[in-house]
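The next block holds one structure in the form of structure tokens; read it before the comments.
The basis for the numbers below is simple: all heavy atoms, side chains too, and nothing from hydrogens, waters or symmetry mates. No experiment lies behind these values; they were computed from the predicted model shown. In listed order, ligands and their atoms are each counted from 1.
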Amino acid sequence: MFDNILAKIEEGVRISDDEALALFESDDLLTVGALAALANARNNGHRVYFNVNRHINYTNICVNRCTFCAFSRQHETDEGGYTLAINDILDRAAEACAAGATEIHMVGGLHPDLPFDFYLEILASIKADNPALHIKAFTAVEIDYFARLTGQTPREVVAELMTAGLDSMPGGGAEIFAAEVRQKICPEKISGERWLEVTEQVHLAGLKTNATMLFGHLEGYADRVDHLARLRQLQERTGGFQAFIPLAFQPDNTRVPGAKGVGGYDALKTLAVSRIYLDNFRHIKAYWVMLGLKVAQVSLAFGVNDIDGTVVEEQIGHDAGADSPQQLTKEQLVSLIRKAGKLPVERDTLYNEIRIF
Ligand code: V47
Ligand code: SF4
């Protein structure tokens with residue numbers, strides 16, 4: 001099996017779903033990793049990307065009650081429930097800008113009462129204050145919610161958000177597309193099919209996005225392959241995805257029955273198989289917040305070429321027990337990449353190179 005896959009990687013031929021499943025089922029992590037490293041080197045050489053960014057989660061009030069989510073609250077009055085005032089958001093964006101950030105990553109819960117104008121106002125005010133800052137915000141789940149809120153199509157919603165200042169979108173909300181598992185971990189969330197449909201509309205509107213997969217909860221390997229297959233198909237049609245980010249499930253304070261979290265072995269294998277299977281995704285990102293710094297660093301030898309950014313303030317993973325730091329400095333990211341024998345490259349959100357270290 002490995003010989004066939006090696007030949008395919010060398011010839012630039014994509015692997016099948018069955019081959020991806022066999023890679024997931026293999027215990028030979030080092031061989032899977034070596035194949036992924038080869039596939040990555042063909043695209044990206046020794047370069048490993050990072051950016052200087054800041055996350056802002058404007059509210060944790062959410063009408064969905066995903067069982068894997070320790071971040072959300074039902075009501076503003078629940079312990080820990082919050083919605084940031086626009087001035088608060090602007091202060092954070094200004095701080096980020098002063099610290100050299102090129103990107104704001106902004107997502108939140110599906111708030112029952114905030115009007116669509118709130119989101120337009122945040123975008124427009126951040127842009128007015130910091131014209132050079134790239135705003136990567138909202139997921140396909142939020143776009144669908146805004147569409148229902150306003151009676152518009154996702155395409156119309158995205159057009160309005162773009163006029164207000166939206167530059168691209170992150171990859172959240174994908175979770176696991178397979179309906180049976182999705183029903184157990186996020187019964188109220190839009191279906192996998194709808195996530196893909198909305199994302200296709202976003203790409204057609206001209207925005208780049210990322211794609212994620214939440215793994216290590218109730219899904220099996222076949223569900224992961226199904227997820228990757230649907231992403232590869234959509235990417236074939238639109239070319240709108242920049243990076244794929246497998247998100248390692250953090251189990252604390254969640255309501256997923258029997259949840260245990262993800263070991264380093266599974267995390268590395270999942271990143272490696274993603275690299276090999278998703279031949280039409282240029283970037284595979286190790287999100288260090290969920291993986292931990294050590295696994296994220298080792299993943300650079302397993303096909304990963306992006307290690308996300310400085311982040312600064314993270315809630316979603318840390319509310320669920322992530323034991324990574326809250327933020328990293330640029331120097332820490334550079335050192336982590338260098339010590340893995342790779343070339344650190346600061347990028348902007350659209351992967352234009354800002355500085356090679
Ligand atoms: O959609 C929620 C996930 C996502 C948990 O596009 C959890 O550059 C693990 O999408 N354990 C939001 N994961 C984060 C996200 C993201 C992060 C970094 C970069 C990018 C990008 C996107 O976090 C949610 C959900 O899938 N999540 N709860 C949890 N307990
Ligand atoms: Fe709401 Fe997102 Fe948490 Fe689900 S994952 S409960 S949609 S904030």
Nearest protein heavy atom with distance in Å, relative to atom 11 (N) of ligand 1: Q250 N, 2.9 Å
Atoms of ligand 2 close to C69 [distance to a heavy atom under 4.0 angstrom, numbered from 1]: 3 (Fe), 5 (S), 6 (S)
Nearest protein heavy atom with distance in Å, relative to atom 24 (C) of ligand 1: E175 OE2, 4.0 Å
Nearest neighbour in protein (non-hydrogen) for atom 13 (N) of ligand 1: L214 CD1, 3.2 Å
Aromatic ring proximity F146/Y119, centre distance under 6.0 Å: yes
Atom 5 (S) of ligand 2 [closest protein heavy-atom partner, distance rounded to 0.1 Å]: K189 NZ, 3.5 Å
For D308, atoms of ligand 1 separated by under 4.0 Å from a heavy atom: 19 (C)
Per-atom contacts of ligand 1 with G172, taking only distances under 4.0 Å to non-hydrogen atoms: 1 (O), 10 (O)
Cationic N near anionic O, under 4.0 Å, E95 to R92: no
Atoms in ligand 1 flagged as close to A320, the criterion being non-hydrogen separation under 4.0 Å: 30 (N)
Residue from V157, I190, T199 passing side-chain contact (heavy atoms from CB on, under 4.5 Å) with I143: V157
Residue pair K127, D167: steps toward the salt bridge (charged side-chain N to carboxylate O under 4.0 Å, His left out) verdict: CA-CA 10 Å; K127 271 287 171 193; D167 294 305; 2.7 Å; yes
Shortest protein heavy-atom distance from atom 14 (C) of ligand 1, along with the residue and atom involved: L247 CD1, 4.1 Å
Protein residue, atom and distance nearest to atom 6 (O) of ligand 1, heavy-atom basis: G171 N, 2.8 Å
Atom 27 (N) of ligand 1: nearest protein contact (heavy atom, Å): I316 CG2, 3.7 Å
Residue pair N87 / L90, side-chain heavy-atom distance below 4.5 Å: yes
Enumerated ligand 1 atoms positioned under 4.0 Å from heavy atoms of G173: 1 (O)
Minimal non-hydrogen separation, A243 against Y351, with atom names: CB-OH, 3.6 Å
Residue-ligand contact A211/ligand 1, heavy atom below 4.0 Å: no
Interfacing atoms of ligand 1 (cut-off 4.0 Å, heavy-atom, T212): 10 (O)
Atom indices of ligand 2, in the order listed, that fall short of 4.0 Å to a heavy atom of C66: 4 (Fe), 5 (S), 6 (S), 7 (S)
Ring pair (Phe, Tyr, Trp, His ring centres under 6.0 Å) between H111 and Y145, worked out: CA-CA 9 Å; H111 196 289; Y145 188 63; 9.1 Å; no
Geometric cation-pi criterion, R338 with F357: 6.0 Å, 45°: no
Non-hydrogen atom of M169 closer than 4.0 Å to ligand 1: no
Close side-chain approach of L161 and L120, heavy atoms under 4.5 Å: yes
Ring geometry between H105 and H55 (parallel below 30°, tilted from 30 to 60°, perpendicular above 60°): parallel
S72 side, atom OG; I316 side, atom CD1 - distance, nearest 0.5 Å: 9.5 Å
Ligand-side contact atoms (ligand 1) for residue partner P170, heavy atom cut-off under 4.0 Å: 6 (O), 21 (C)
Side chain, backbone, both or neither: Y287 near ligand 1, heavy atoms under 4.0 Å: side chain
Contacting atoms of ligand 2, where contact means under 4.0 angstrom from a heavy atom of C62: 1 (Fe), 6 (S), 7 (S), 8 (S)
A70 heavy atom under 4.0 Å from ligand 1: no
K136: numbered ligand 1 atoms lying under 4.0 Å from its heavy atoms: 8 (O), 21 (C)
Per-atom contacts of ligand 1 with N210, taking only distances under 4.0 Å to non-hydrogen atoms: 6 (O), 8 (O), 21 (C)
N60 side chain vs G80 backbone, donor-acceptor pair below 3.5 Å: yes
Carboxylate-amine/guanidinium proximity below 4.0 Å for R224 and E219: yes
Test: K8 and D279 ion pair at under 4.0 Å: no
Charged N-O contact under 4.0 Å between E193 and R230: yes
Atom 22 (C) of ligand 1: the protein heavy-atom neighbour that sits closest, reported with distance to 0.1 Å: H105 CE1, 3.6 Å
Region of I245 that comes within reach of ligand 1 [heavy atoms, distance under 4.0 Å]: side chain
Proximal atoms of ligand 2 relative to F68 (non-hydrogen, under 4.0 Å): 5 (S)
